[in-house]
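Here is the structure we will look at.
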Amino acid sequence: MDGGLNNFFDDYLKKEPLFKDRALLQSGYCPETINHRENELKKVANVLAPSLRSDKPSNLFIFGKTGTGKTLVVKHTINQLANYAKEKGIKLKTIYLNCKLKRVADTEYRLVAQLLRNLGVEVPYTGLPTEEVYKKFFDVIDKEKQIIVVALDEIDQLVSKIGDELLYNITRMNEELNNARVSFIGISNDLFFIDTLDPRVRSSLSEEEVVFPPYNAIQIKEILQQRSDLAFSTSALSTGVIEKCAAYAAREHGDARRAIELLRVAAEVAERNCQKVVKIENIDHAEQKIEYDRILDLITNQPKQSQVVLFSIIKIQDEKKEGIFTGEVYELYQKLCPKIGLSMLTQRRVSDIIAELDMLGIINSRVLSKGRYGRSREITIMIPKDTLEKVINILNDSLGIAF
DNA sequence: CGAGATTCATGTGAAGTATACCTTTAGGCTTAA
DNA sequence: AAGCCTAAAGGTATACTTCACATGAATCTCGTA
């Protein structure tokens, strides 16, 4: 048995690896040079440059669909800025924060607390007045004359959740400061987000704007080409692979992140199959696998309560083919809770949980009036059939009940 | 037959509550002068 | 008297509950043709 495994490992090592450097294709990777975003890069740098003379840069707002390089450009620019400033001994700090992260930056308190943590100050997760956290933040940065650049990614998500009062507070920060100056970079996927804001907030938060257009198919192809030259060993890709990835991504409004992910996963699939080259078919598998992994990851990380609600929905769909409504889901949920040993939430809360699952794209729900028979949400599960089984397994394990 | 009233089942907003955690404060104890 | 520790008091954010009202089309009601 051991011998068998040893052989396996031997074979594994003997195999010509497809990847030369897998990290280059992973989602967090930040390349040295960014292609086809020269204009945007320049604009962002232009806005931020005054910070090097210790002037407060204008607040900046950035729009663009997912995978158009917004995050990349901003991260890249503020990193370079911070490095340069450090070299020259300029008092400048930069912070990047993604507002969507649950339990990290999805309320006003948590946002400011997280900013403080980024500056190396420990803040309790609860208990302090929000006001106090602001004050702490001011104290920390106002100790010396310096510029702070704060980038808030996916800020539209945060505002849609907790309202725009937060932005109002944020933009007024500088009035409270004597020495330091703070500028904000807001990043949004929603192109119309700014229109929904209070005019006062809008004008001060969006002194400058940069719009990121989608990449076209040719640009995506070049990006892929360049990355794959570095990431793969020579001739690891069969012809047409890059083109197909680019085409898939261009179909989705030029989402480069997706194209890169597709390529990486396709290669991983090929590697697992012990192929010598990545073939075009692997891309189709990759597309499925990405969706599969995304959903599984999402569900595994859901709180137990949400899992039970989802479990109920799936079970009801399994029993009847059409029309799942809140009432039935809640009924089953109520029966399930004691079995699992979970405290039972009210219908009000479960209704919100269903809305949250909808937001995550695990299910699709729409409010529907059934006339005489009241109104309810009609729920449809958005999990592909072949993924469903695995999802059920996960829920079974996590909740300790059988389907 | 058709306009308007009624109804149902739940959506949804606002206010209230429980929990977990924070800081402040007052009291008690110890210590050192 | 000063210093230190501890426990109670008073405060907050967050997740959830409670309360109350809003929805909107199928169905019912009733006056009229």
Side-chain angles (χ1 to χ4, degrees), chain A residues 97-140 152 157-170 176 196 198 298 301-313 316-317 319-320 322-338 340-360 362-381 398-399:
Chain A
L97 200 56
N98 189 328
C99 303
K100 211 175 83 179
L101 296 174
K102 253 210 154 190
R103 298 177 171 278
V104 173
D106 58 351
T107 68
E108 184 165 13
Y109 177 95
R110 300 213 258 234
L111 179 87
V112 183
Q114 196 59 32
L115 290 179
L116 271 166
R117 283 188 204 111
N118 269 304
L119 294 169
V121 183
E122 274 313 307
V123 192
Y125 288 91
T126 170
L128 253 48
T130 308
E131 197 74 2
E132 193 65 29
V133 188
Y134 269 110
K135 226 176 110 207
K136 230 173 185 164
F137 182 67
F138 295 149
D139 286 350
V140 169
L152 302 175
Q157 304 262 344
L158 181 59
V159 170
S160 73
K161 204 175 151 191
I162 63 169
D164 58 3
E165 202 173 320
L166 157 81
L167 298 180
Y168 187 66
N169 291 338
I170 272 179
E176 307 270 328
T196 65
D198 184 309
L298 220 49
N301 293 318
Q302 278 315 295
K304 279 236 157 55
Q305 293 287 0
S306 303
Q307 289 183 346
V308 183
V309 174
L310 181 62
F311 185 92
S312 308
I313 294 171
I316 286 173
Q317 197 211 28
E319 282 160 9
K320 54 182 256 189
E322 59 192 82
I324 306 171
F325 299 106
T326 313
E328 321 166 76
V329 173
Y330 188 65
E331 216 171 281
L332 181 56
Y333 165 86
Q334 276 179 305
K335 280 190 206 143
L336 252 32
C337 274
I340 298 164
L342 213 54
S343 61
M344 201 154 52
L345 302 181
T346 50
Q347 181 148 343
R348 179 75 186 80
R349 177 66 189 138
V350 170
S351 178
D352 280 348
I353 288 178
I354 291 174
E356 282 164 25
L357 290 172
D358 185 32
M359 284 283 283
L360 291 169
I362 297 174
I363 62 172
N364 196 312
S365 75
R366 79 196 161 103
V367 180
L368 178 73
S369 184
K370 292 180 291 171
R372 185 65 209 269
Y373 306 103
R375 80 201 307 246
S376 180
R377 274 202 184 84
E378 190 184 42
I379 302 167
T380 327
I381 299 178
S398 165
L399 303 174

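Protein chains get the first letters and strands the later ones, always in sequence-line order, with residue 1 at the start of each.
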Open item on the list: Counting only heavy atoms and a strict 4.0 angstrom limit, can you tell me which residues of residues 348-358 of chain A come near DNA chain B?
Closed with: R348(A), S351(A)
Open item on the list: Quick check for you: name the first and last nucleotides of DNA chain C, 5' to 3', having an atom under 4.0 Å from a heavy atom of chain A.
Closed with: dG11(C) to dC28(C)
TODO: Rounded to the nearest 0.5 Å, what's the gap from CD1 on I313(A) to OH on Y333(A)? Could you check?
DONE: 12.0 Å
- [ ] Using atom CD1 of I379(A) as one end and atom C1' of dA9(B) as the other, report the distance to the nearest whole Å.
- [x] 14 Å
- [ ] For K370(A) and for R375(A), locate the closest nucleotide of DNA chain C by heavy-atom distance; then report the residue assigned to the nucleotide nearer the 5' terminus.
- [x] R375(A)
Open item on the list: Main chain of V308(A), side chain of S312(A): is a donor-acceptor contact present, judged purely on distance under 3.5 Å?
Closed with: yes
- [ ] Check the distance between dT10(B)'s C1' and L345(A)'s CG and give it to me in whole angstrom.
- [x] 17 Å
Task: Atom-pair distance (OH on Y109(A); P on dC21(B)), nearest Å - done: 12 Å
Open item on the list: Please find the pair of heavy atoms, one from S376(A) and one from K370(A), that lie closest to each other, and give the distance.
Closed with: CB-CE, 4.2 Å
- [ ] Under 4.0 Å between any heavy atoms, over every strand shown, what does S376(A) touch: base, sugar-phosphate, or nothing? Just pick one.
- [x] sugar-phosphate
Task: Residue whose closest nucleotide on DNA chain B lies nearer the 5' end, G371(A) versus R377(A) - done: G371(A)
- [ ] Check the pair D106(A) / K161(A) against salt bridge (Lys or Arg N to Asp or Glu O under 4.0 Å), numbers first and verdict last.
- [x] CA-CA 8 Å; D106(A) 58 351; K161(A) 204 175 151 191; 3.2 Å; yes
TODO: Measure the spacing between OG of S343(A) and CD of Q305(A) and express it to the nearest 0.5 Å.
DONE: 5.0 Å
Task: salt_bridge(R349(A), E356(A)) N-O dist < 4.0 Å - done: yes
Open item on the list: To the nearest 0.5 Å, what is the distance between CD on E108(A) and CZ on R110(A)?
Closed with: 12.5 Å
- [ ] Starting from the first five and the last five pairs of the helix from dC1(B)-dG31(C) to dT31(B)-dA1(C), work out the angle between the resulting helix axes, to 10 degrees.
- [x] 30°
Open item on the list: Between S351(A) and R377(A), is the side-chain hydrogen bond (donor to acceptor under 3.5 Å, both in side chains) condition met? List the steps.
Closed with: CA-CA 9 Å; S351(A) 178; R377(A) 274 202 184 84; 3.1 Å; yes
Open item on the list: Taking R348(A) first and then D352(A), would you say they form a salt bridge - that is, a charged N and a carboxylate O separated by under 4.0 Å?
Closed with: yes
Task: Q347(A) CD - dA9(B) C1' separation (whole Å) - done: 8 Å
Task: d(CD1, I162(A); C1', dG13(B)) in whole Å - done: 18 Å
Task: Straight-line distance of L116(A) CG to K136(A) NZ, nearest 0.5 Å - done: 7.5 Å
TODO: Side chain of P124(A) only, please: which of dG11(B), dA20(B), dC22(B) is the nearest?
DONE: dC22(B)
Task: Whole-Å gap separating C1' (dA20(B)) and CZ (R103(A)) - done: 13 Å
Open item on the list: Check whether Y125(A) forms a cation-pi arrangement with R117(A) (NZ or CZ under 6.0 Å from the six-membered ring centre, at most 45° off the ring normal).
Closed with: yes
